[in-house]
Amino acid sequence: MPENTFLGPSLALSAILFSLGVAGVLLRRNAIVLFMCVELMLNAVNLAFIALAQFHGAGGQIMVLFVMTVAAAEAAVGLAIILAIFRHTQSVDLQNINLLRG
Amino acid sequence: MAAFVFYLFAAAAVLGAAMCVLQRNPVASAMWLMSTMFSLAAIFILLGAELIGILQVLVYVGAILVVFLFVIMLLNVARTSSDLRGPASLGATVVVAGLLVVELAALWQYTPRRLAADIAQAPAFADPARVFAAGAAARQATAAQGVVGALAAPLFQTYLVPFEVTSVLLLAAIIGAVVLAKRNI
Amino acid sequence: MHLTHMVWLAVALPVAGFLVNGALALWRPQAKTAVSVVGAGVLLAAFVVALGVFAGLSNDPSQAPVIVRLWSWLPVGRLKVDFAFQVDQLAAVMLLIVTGVSSLIHLFSIGYMREDPGYARYFSYLNLFVVFMLVLVLGSNFPVLFIGWEGVGLCSYLLIGFWFSDKVNADAGKKAFIMNRIGDFGFLVATFFIWRAFGNLDFAYVSEHAATTLAPGGAVVTAITLFLFLGCTGKSAQIPLYTWLPDAMAGPTPVSALIHAATMVTAGVYLVARTNVLFAMAPVSSAVVAGIGAVTALFAATIGLRQYDIKKVLAYSTVSQLGYMFLGAGTGAYASGIFHLATHAFFKALLFLGSGNVIHAMHQAYHATHSHEDAQDMRNMGGLRQYTPVTFWLMLIATLAIAGIPPFAGFFSKDEILAAAFARGADAPVYYVFYGMGVLAALLTAFYMARLMAMTFFGENRTGERERAHLHEAPWIMTGPLVVLGVLSVIGGAINLPPFIGGHAALEHWLEPVLEPGLRFSHLAMPTGSAEYVLVGAAVAIGVIGLWLGFRVTLGRSIPVARAAPPDRGFARVLSRKYYVDELYDALVVRPLVWLSRVVLWRGVDQRVVDGAAVNGAAVVSRLAGGGLRLLQTGQVGVYVVLFLVGAVWILRAVMR
């Protein structure tokens, strides 16, 4: 066991970053920035994985690899969607996108 | 020394994240996010995940954030008026994010000892070294096979099927991105 | 071949017949030769198998029942019901009767139904009926028996309404079905009680543990047996549920012979014999069984006196004879009940098939001259002796058998039942009353049978001038089975010859392993010596007197043809209208039920509550809820995210504790 694993501080940092990501998603209307905040949340989770991987073996780190892959895929598809929306409405402001209103 | 480095990068990461959320200009937001990711990469290395730290820089900073910047500039939405939501959203944000922080802050109290006790469901604090045999084994594997080898062996053995599925997912994402982004195919 | 294989083969053969004939009925209804070969062939084969089973069982010295577990059917908690067959001495006897009589009636049907467009359908139903009848007699526990019980009811319904394009026939089928439902309710309740008391539904288990589980004469065993008997009154057409059987004559005549005389309606007697230990432990229920049997025997016989439809006379006669069987079973003489069941199967099937020949001849005659007279009304017959001589002689044999004239089959069985009732009178005097009713019913039986014979075969012919030339005997395929049944009606008594003429009650000894648990509880000291001779003499005398009176009264005055007949008056009218029981049931049950359904259930419950409150109410609630909830659907992603995160925070709160 290494003398300092930073378990608690790492998890707390992960919590703070995740909450900041949530705050960003809630506060911003720009779809691209919103996406960046989602990436921030994914990173926060990655941090938790890494911190706990010190105790649970390589599985946590490998999971981070998968998260990164999925994040990359998500960014590609998501940004392509934003591109298509922008072409349609000339805006990335989510307030202008409300086709689903009941 | 290690503690100093950790808290330094932790502070940088929090600052970067906060600025990313608050900056009006998307390009600035992206830049602040990049600083957060660099800090996180440093922390990863500090936590013994050297390979992940490197990949964090390569994939997140090198690929994903660049794509973000590319799209921002492509759409030319860099100079916009503030896109922050109104006071109602601000209230909701404070409440929801505040509650989330309060809830997750409980994680601060986690020490390896306590985690071991929780996991072993032991009434007293157990010895983490014995509970987390997997972690110890991973460290031994790292010592024996090197950072990459210790990760590659389980990735291509235990996690082979998810790994292959992920490659299919990436392929689908590529095709999907092309189909969505291209005007006329 | 081992016994266990033969048992399932006996059931599988008619199943195969049903499937083949059913397929032919759907796709090749004109392939009548194939239908005949398959339909009758599987039954003959099943009869051979039944003979094998019987031989195998009689060679088995242990006399223990052979239980064939085919598969586990209902393994639910403590309830473990196997789909299993049980062959013991009683089941073997029933197996022989069912397959034997069925084979003969299938052969007869080849001739009788030859011109019918639904020929293949008819034989597929008939095969299916035999399947269920065999399941009924072979089932090793109450639920499996109940499959057969319900299945024969279904086939009865299908065959009563065989000519369903006529509404009267379809209604008769429905009536039989509904009346049987009431009885089935009793059967099911009894099954539930038995499950509650024993925790097991196997016949073997119940008869073995009844003595230790239940208190003799107690409330539980009385309730079980009374509910079982309610089932029997439905299936075996006893008071108060007998009214469906006369209406069931709407079906083809061979069906009446097979289902509504020889086999299905005797299922109730079989059930009482099967659960004899329970009935023996409940003297009150046994008295009820015997009483209902005696009253039904007398009541139905009086109605039979004034019926003009030849099949209706035989139908009431069947109800009456079934009453005899229950009198025997209720008295504790289960073997005598089964004995009468067997002989009755012979002579009543013979009577029905003979009446089928008569109707066949009458129908052909009327058909040839395009007349619309009633081919079943005895007032249109008369003097048929010279046109259908074979049928006449065979029906005469059956008449003598049912009237209890020695040495024909019915004499021995009926005499045994009456003697048993008389013997039981020593313990419980009410049985003397039952005995008296039985004797009176025997007199009436002889009378109405003589009336039937006299109106049909004697006197001058009333069919009509032109029609007379077309009257002729049925073909050999129809008379052949009758000859076999005639022989059985003569010598059938030999299976259980009483000791006083040198027999040794073979059937009774054969059934002893099955009936022994019941006999342990209520031993019956049969009369011997001079008392026995007096009883026998009285029975014979009554039969002879009844026959003589019947012929004399009927032939003593001229009979008008149906068209010109004056309506009955006085008590005769009450009899010919069947005591107005149908009208009574209609007024007491049917019309209140229709009123309840129409006014309360339809206009009230269905239209107001179900349609108004439930259906429209649900629509209104969904519309209001939708109108409210659509306000949440703003189209704004931010709102959705907030809602989603509120949920996430809430769940996290629960997880983090």
Side-chain angles (χ1 to χ4, degrees), chain A residues 1-2 4-24 26-30 32-33 35-37 39-40 43 46-47 50-51 53-59 61-62 64-66 68-73 75-77 79-84 86 92-93, chain B residues 2-3 6 10 13-14 17-18 20-21 26 29-30 33 37 40 44 47-49 52 55 59 63-64 67-68 71-72 75 77 83-85 89 92-93 96-97 100-101 104-105 107-112 128-129 132 134-135 137-138 150-151 154-155 159 162 166 169-170 173 176-177 180-181:
Chain A
M1 189 69 36
N4 204 345
T5 58
F6 298 110
L7 178 64
S10 296
L11 291 178
L13 177 60
S14 162
I16 292 168
L17 290 180
F18 188 86
S19 301
L20 278 170
V22 167
L26 288 177
L27 274 179
R28 305 295 293 258
R29 293 197 315 250
N30 188 323
I32 299 175
V33 178
F35 242 103
M36 287 195 276
C37 292
E39 297 295 335
L40 184 61
N43 259 292
N46 282 355
L47 178 57
I50 300 276
Q54 299 173 85
F55 308 100
H56 293 289
Q61 296 196 23
I62 288 171
V64 171
L65 279 180
F66 289 137
M68 279 184 180
T69 327
V70 173
V77 176
L79 287 172
I81 290 175
I82 289 174
L83 221 63
F86 184 80
V92 290
D93 193 328
Chain B
F6 178 87
V14 173
C20 167
V21 169
S29 278
L33 184 61
M37 285 172 175
L40 280 177
F44 288 174
L47 293 179
I52 302 294
L55 285 177
V59 175
I64 298 180
V67 174
F68 270 99
V71 171
I72 292 168
L75 301 185
V77 290
D83 67 328
L84 287 180
R85 288 178 192 272
S89 283
T93 306
V96 170
L100 211 56
V101 167
L104 293 174
L107 294 171
W108 184 277
Q109 302 162 354
Y110 267 94
T111 61
F132 301 117
L151 216 54
L155 180 62
Y159 294 94
T166 315
L169 173 76
L170 276 177
L180 284 168

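Throughout, protein chains are lettered first and strands after them, A, B, ... in sequence-line order, and every chain is numbered starting at 1.
Residues A:M36 and B:P26 come closest through the heavy atom pair CE-O, 3.6 Å. Minimum interatomic distance between A:A51 and A:L7 (heavy atoms only, all atoms of both residues): O-CD1, 4.0 Å.
For B:L33, the part sitting under 4.5 Å from any heavy atom of chain A is the side chain, from C-beta outward, and nothing else. Looking at A:L17, only its side chain comes within 4.5 Å of chain B, counting heavy atoms on both sides. Using a 4.5 Å cut-off between heavy atoms, A:A76 touches chain B through backbone and side chain atoms alike. Neither the backbone nor the side chain of A:S14 comes within contact range of chain B, judged by heavy atoms closer than 4.5 Å. Heavy-atom distances place both the backbone and the side chain of B:Y159 under 4.5 Å from chain A. Both the backbone and the side chain of A:V77 come within contact range of chain B, each with at least one heavy atom under 4.5 Å from a heavy atom of that chain.
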Inset, instruction - Under the side-chain contact (heavy atoms from CB on, under 4.5 Å) rule, what do A:L47 and B:F44 come out as? Steps first, then yes or no, please. - result: CA-CA 7 Å; A:L47 178 57; B:F44 288 174; 3.6 Å; yes
Inset, instruction - Dump the intermediate steps for side-chain contact (heavy atoms from CB on, under 4.5 Å) on A:V70 and B:L169, then the final yes or no. - result: CA-CA 8 Å; A:V70 173; B:L169 173 76; 3.8 Å; yes
Inset, instruction - With side-chain contact (heavy atoms from CB on, under 4.5 Å) as the test, would you mind laying out the steps for A:M68 and B:I64 before giving the verdict? - result: CA-CA 10 Å; A:M68 279 184 180; B:I64 298 180; over 6 Å; no
Legend entry - Evaluation steps, side-chain contact (heavy atoms from CB on, under 4.5 Å), between B:L40 and A:I50: CA-CA 11 Å; B:L40 280 177; A:I50 300 276; over 6 Å; no
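Between chain B and the residues A:A12, A:A15, A:S19, the largest count of heavy-atom pairs under 4.5 Å involves A:S19. Your options are A:I16, A:L20, A:L65, and the one with the most heavy-atom pairs under 4.5 Å with chain B is A:L20. Heavy-atom pairs under 4.5 Å with chain A peak, among B:L170, B:V67, B:L151, at B:L151. The candidate with the highest count of non-hydrogen atom pairs below 4.5 Å against chain A, out of B:A150, B:A30, B:A63, is B:A30. Each of B:V59, B:L155, B:V96 has some count of heavy-atom pairs under 4.5 Å with chain A, and the biggest count is that of B:L155. For the options A:L83, A:N43, A:L13, A:T69, heavy-atom pairs under 4.5 Å to chain B are most numerous at A:N43. If you tally non-hydrogen atom pairs under 4.5 Å between each of B:G176, B:G48, B:A97 and chain A, the highest count goes to B:A97. In terms of heavy-atom pairs under 4.5 angstrom with chain B, the leader among A:A23, A:A84, A:A75, A:A53 is A:A23.
Residues passing the side chain to side chain donor-acceptor pair (under 3.5 Å) test with A:N46, sequence neighbours excluded: none. Scored by the side-chain contact (heavy atoms from CB on, under 4.5 Å) test, A:I82 finds A:A31, A:I32, A:F35, A:L79, A:V92, B:L75 as partners (sequence neighbours excluded).
Within the 4.5 Å cutoff, the side chain of B:F6 has heavy atoms near those of the A:S10 side chain.
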